[in-house]
Amino acid sequence: MKVSEFITPEDEKEIVEAIKEAELNTSGEIRLHIEHTCTGDRLDHALEIFEQLEMHKTELSNGVLIYVSIDDHQLAIIGDKGINDVVPKDFWESTKDEIISQFKKGHYKQGLINGILEAGKQLKQHFPYQSDDTDELDNEISKG
Ligand code: CA
Ligand code: CA
């Protein structure tokens, strides 16, 4: 499946809007990376992408990468150190559930949007939106 079949350019706009909306809840920064196949270990690879995208460059170390590979159905959520230091281990479960439950029905755009909004809600508990917020990490979808 092509990335453009997985999410159309129209879907992409809605997803970027969801990232903007989620980031109005929190000082955390959410990014989405989509590619065809995950090489090697899912979490190791997602961590590499996190580094490639320079997602550690946030003041509070609270960037979050949602990683999806289309052909081999991998999903990983990587939070930066600032998040991992303060949240329980199962912190991203509700976000994963939102994504997976929609993906199972073939509703890819909706899964990503629901997941992004849920991640924003979860982050809000620990990293509320700051009045002097800046958009520290690009909201555009990264594609491999
Ligand atoms: Ca921000
Ligand atoms: Ca952002």
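Computation of the quantities below employed the complete heavy-atom set of this structure, encompassing side-chain atoms and omitting hydrogens, waters and symmetry-equivalent molecules. First listed ligand is number 1; within each ligand, the first listed atom is number 1.
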Item to check | Residue pair D97 / S94, side-chain donor-acceptor N/O under 3.5 Å | outcome: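 Side chains of D97 and S94: no pair found under 3.5 Å.
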Checklist entry - Are F50 and H33 an aromatic pair by the rule of ring centers under 6.0 Å? => result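 Between H33 and F50, which both carry aromatic rings, the centre distance is not below 6.0 Å.
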Checklist entry - What pairs with E48 under salt bridge (charged side-chain N to carboxylate O under 4.0 Å, His left out), at least two apart in sequence or on another chain? => result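 Partners of E48 under the salt bridge (charged side-chain N to carboxylate O under 4.0 Å, His left out) test: none.
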Item to check | Protein N, O or S within less than 3.0 Å of the Ca ion (ligand 2), waters excluded | outcome: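 Result, waters dropped: E23 OE1, E23 OE2, E29 OE1, D135 OD1, L137 O, N139 OD1.
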Checklist entry - What distance do F6 atom CZ and I34 atom CD1 have between them, rounded to the nearest 0.5 Å? => result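 These two atoms lie 5.5 Å from each other.
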Checklist entry - Does L47 share a hydrophobic cluster with I66, counting links as ILVMFWY side-chain heavy atoms below 4.5 Å and allowing steps through other members? => result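 As far as the 4.5 Å side-chain criterion goes, I66 and L47 are not connected within one cluster.
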Item to check | Angular separation of OD1 (D133) and O (T134) seen from the Ca ion (ligand 1), to 10° | outcome: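 It is 90°, given to the nearest 10°.
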Item to check | E29 vs D135 side-chain heavy atoms within contact, under 4.5 Å | outcome: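 Yes, at least one pair of side-chain atoms sits under 4.5 Å.
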